[in-house]
K.L.:
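Please find one structure pasted underneath; my questions will follow.
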Amino acid sequence: MRKITLGEYRNLLHAFSTGLMSARDFEAGYSRLADEDSATRPEEISRILGSVSADIAALSSDALSNKDRVDERELRARVTEALRVLDAMRHGGV
């Protein structure tokens, strides 16, 4: 385990939100980062990263009802919003 920087998450979120990577590659990369991450983060940042994890699960889970699932387009929109909020926090806009 290592302390994953917020920048590593941001780079991954950005690559997916701009279409530079597929949902499958994003899911794999995000899971890898989350599994390796031992950093302690402020509650708001943890909540945002947790919501991205939940959105990824909603993309790939067969256990969810149809109304709870997201497609790749919706996942990309949610990731873009998460990135926007993280950027605003970083620049004092929230």
K.L.:
Whether E72 and R76 form a salt bridge (side-chain N of Lys/Arg under 4.0 Å from carboxylate O of Asp/Glu) is what I want to check.
P.N.:
yes

K.L.:
What about F16 and Y30, are their ring centers closer than 6.0 Å?
P.N.:
no

K.L.:
Below 4.0 angstrom, N of the basic side chain to O of the carboxylate: do R2 and E8 qualify?
P.N.:
yes

K.L.:
Do F26 and L13 have side-chain heavy atoms sitting under 4.5 Å apart?
P.N.:
yes

K.L.:
Any side-chain heavy atom of L86 within less than 4.5 Å of one from I48?
P.N.:
yes

K.L.:
Quick one: do R10 and D87 make a salt bridge, cutoff under 4.0 Å?
P.N.:
yes

K.L.:
Quick one: are E44 and M89 in side-chain contact, heavy atoms under 4.5 Å?
P.N.:
yes

K.L.:
Can you measure from OH (Y9) to CG (D37) and round to the nearest 0.5 angstrom?
P.N.:
3.5 Å

K.L.:
Check whether any side-chain heavy atom of K3 sits under 4.5 Å from a side-chain heavy atom of T40, and report yes or no.
P.N.:
no

K.L.:
Could you walk me through whether M21 and L12 satisfy the side-chain contact (heavy atoms from CB on, under 4.5 Å) test, starting with their C-alpha distance in whole Å, then the side-chain angles of each, then the deciding distance to 0.1 Å, before giving a yes or no?
P.N.:
CA-CA 9 Å; M21 73 175 17; L12 188 67; 3.6 Å; yes

K.L.:
Rounded to the nearest 0.5 Å, how far apart are CG of L33 and CG of N11?
P.N.:
9.5 Å

K.L.:
Find out whether R69 and L59 are in side-chain contact, i.e. whether some heavy atom of one side chain is under 4.5 Å from a heavy atom of the other.
P.N.:
no

K.L.:
So, E81 and R84, do they make that salt bridge, N to O below 4.0 Å?
P.N.:
yes

K.L.:
Using modelled atom types and a 3.5 Å cut-off, is there a donor and acceptor pairing between side-chain atoms of S31 and backbone atoms of A28?
P.N.:
no

K.L.:
Which heavy atom of V70 sits nearest a heavy atom of D55, and at what distance?
P.N.:
CG2-O, 3.5 Å

